[in-house]
Amino acid sequence: MQIPNSPAYHDPILAWYEANARDLPWRAPDATPWGVLVSEIMLQQTPVARVLPVWREWLERWPEPAALAAEPSGEAVRAWGRLGYPRRALRLHASAAAIVERHGGEVPSSHDDLLALPGIGAYTAAAVASFAFRGRHAVLDTNVRRVLARLVSAEEYPPRSQTRAEVRLAESLLPLDPPTAARWSVAVMELGALVCTARSPRCVDCPVLARCAWQRAGRPAYDGPPRKGQTYAGTDRQCRGRILEVLRNAEGPVRKPELDVVWSEPVQRERALDALIADGLVDPLDDGRYALPG
DNA sequence: GAGACGTGGCC
DNA sequence: TGGCCAAGTCT
């Protein structure tokens, strides 16, 4: 389905955003591209409320990429705290180093240069290029995908994995003027986060309710294939989390028994520890102890 | 392209 | 209670 670039969609959503946007620090006028980049990595699969305090600590401690790059990667992992998916901290540290080496310490503004950084995929490259540099890029995150699925495709949820059709649709809806496109992108994301939510959407507050295809169709329930539910208890992921938590909370290197106590099943425990080492999240010392990477 | 990868809050 | 969900990326 092709929808022309249309102010009929743009104006109500942009106006809604002006009136309803959350006052988030990475959206402040004095937010730097580095601050935006850090926020985008932290916000991957992680709610805003949990990101806020950690983001403030990071930006105070490492106000620019060079400051982070100058520290051991383990410090990034430790400061990551309980945000989850700690490989993100490692990749952010590696990105900071790459920014210093390849871009003179300045976060690059081009989508291609951003995409080349570790931990930055299509979404994050588009988000940073848009929100930090006011560029014109299709920003297709889970919020935008859901809004477009409903507003245009009359589906309660978007497909399981992103399709070319979704990308084309998002691009076709992008305002022509780059700064306006950047504003539009963040506005649609915010609409998805606050109104057009996954469960119990607040349609009465929607600025484009009258144009919503899903609404006009009678809000039919999702009838596609079951969406993946992630188990956690008893998994390697939980085991890895326990091990890393010990290391984060320790002052320095710890002995093996201190790690062993967090998981009773030895085969899984060893597998998880080996995987953490392979991922670069844990450093096995010569003296047999374990530490966050140096 | 399916599966791995953390953590916690909500209904 | 427990499944679902949260600004994804990588292999």
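Reckoned from all heavy atoms, side chains included, excluding hydrogens, waters and symmetry mates.
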Do the side-chain N and O atoms of [X] and [Y] include a donor-acceptor pair separated by under 3.5 angstrom?
X	Y	value
A/E40	A/Y123	yes
A/R183	A/S130	no
A/Q268	A/D236	yes

List every contact pair, protein side and nucleotides 7-9 of chain B side both N or O, where the distance is under 3.5 Å.
residue	atom	partner	partner atom	Å
B/dT7	OP2	A/Y232	OH	3.3
B/dT7	O3'	A/R82	NE	3.4
B/dT7	O2	A/R50	NH1	3.3
B/dT7	O2	A/R50	NH2	2.8
B/dG8	OP1	A/R82	NE	2.2
B/dG8	OP1	A/R82	NH2	3.3
B/dG8	OP2	A/R82	NH2	3.0

Contact nearer the 5' end of DNA chain B, comparing A/T235 with A/S161: A/S161
Please compare A/L281 and A/R160 by the position of their nearest nucleotide in DNA chain B and report the one closer to 5'. A/R160
Find out whether [X] and [Y] are in side-chain contact, i.e. whether some heavy atom of one side chain is under 4.5 Å from a heavy atom of the other.
X	Y	result
A/D260	A/E270	yes
A/P159	A/R145	yes
A/E166	A/L148	no

Remember a base hit wins even if backbone is also touched, and classify [X] as base, sugar-phosphate or nothing at under 4.0 Å, heavy atoms.
X	value
A/R145	nothing
A/T46	base
A/W26	base
A/R146	sugar-phosphate
A/L276	nothing

Which residues, ordered by chain and number, are linked to A/L244 in its hydrophobic cluster, where ILVMFWY side chains connect at heavy-atom gaps below 4.5 Å, directly or through other members?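 A/V77, A/L90, A/I243, A/V246, A/L247, A/V254, A/L259, A/V261, A/V262, A/W263, A/L273, A/L276, A/I277, A/L281, A/V282, A/Y290, A/L292, listed by chain and number.
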For [X], which residues count as a salt bridge (charged side-chain N to carboxylate O under 4.0 Å, His left out) partner, sequence neighbours excluded?
X	answer
A/R146	none
A/E71	A/R61
A/R240	A/D279

Does anything in residues 121-132 of chain A reach DNA chain B, meaning a heavy atom under 4.0 Å, and if so which residues? none
Quick check on contacts: within residues 186-194 of chain A, what sits under 4.0 Å from DNA chain B by heavy-atom distance? none
Start at the 5' end of DNA chain C and walk down; is the nucleotide closest to A/T197 or to A/L115 reached first?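 The residue whose closest nucleotide sits nearer the 5' end is A/T197.
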Got a sec, which residues hit ring-ring contact (aromatic ring centres under 6.0 Å, His included) with A/W26, two or more places apart in sequence or on another chain? A/W55
Contacts of A/W58 that satisfy ring-ring contact (aromatic ring centres under 6.0 Å, His included) - sequence neighbours left out: A/W62, A/W80
Using the [atom1] atom as the point on both nucleotides, what is the distance between [M] and [N], in whole Å?
N	M	atom1	answer
C/dA7	B/dA4	P	23 Å
C/dT9	B/dG8	P	23 Å
C/dC4	B/dG3	P	16 Å

With a 4.0 Å cut-off, would you call A/R271 and A/D274 a salt bridge?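 Salt bridge between A/R271 and A/D274, a charged N being under 4.0 Å from a carboxylate O: no.
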Between A/E245 and A/R242, is there a side-chain N and carboxylate O pair less than 4.0 Å apart? no
Strictly below 4.0 Å, heavy-atom distances to any atom of DNA chain C: list the hits from residues 258-274 of chain A, or just say none. none
Atom CE of A/M42 to atom P of B/dG6: distance rounded to whole Å?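 Distance check: A/M42 CE to B/dG6 P gives 16 Å.
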Flag, side chain of A/R91 to backbone of A/G119, donor-acceptor distance under 3.5 Å: no
Looking only at atom types and distance, does a side-chain atom of A/R78 sit under 3.5 Å from a main-chain N or O of A/R248, one as donor and one as acceptor?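 Side chain of A/R78 to backbone of A/R248: a pair is present.
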Where chain A begins and ends its contact with DNA chain C, read 5' to 3' at 4.0 Å from heavy atoms: C/dG3 to C/dC10
Can I get a per-line list of side-chain donor-acceptor pairs under 3.5 Å for residues 103-112 of chain A, giving both atom names and the distance, sequence neighbours left out?
residue	atom	partner	partner atom	Å
A/S110	OG	A/D113	N	3.0
A/S110	OG	A/D113	OD2	3.2

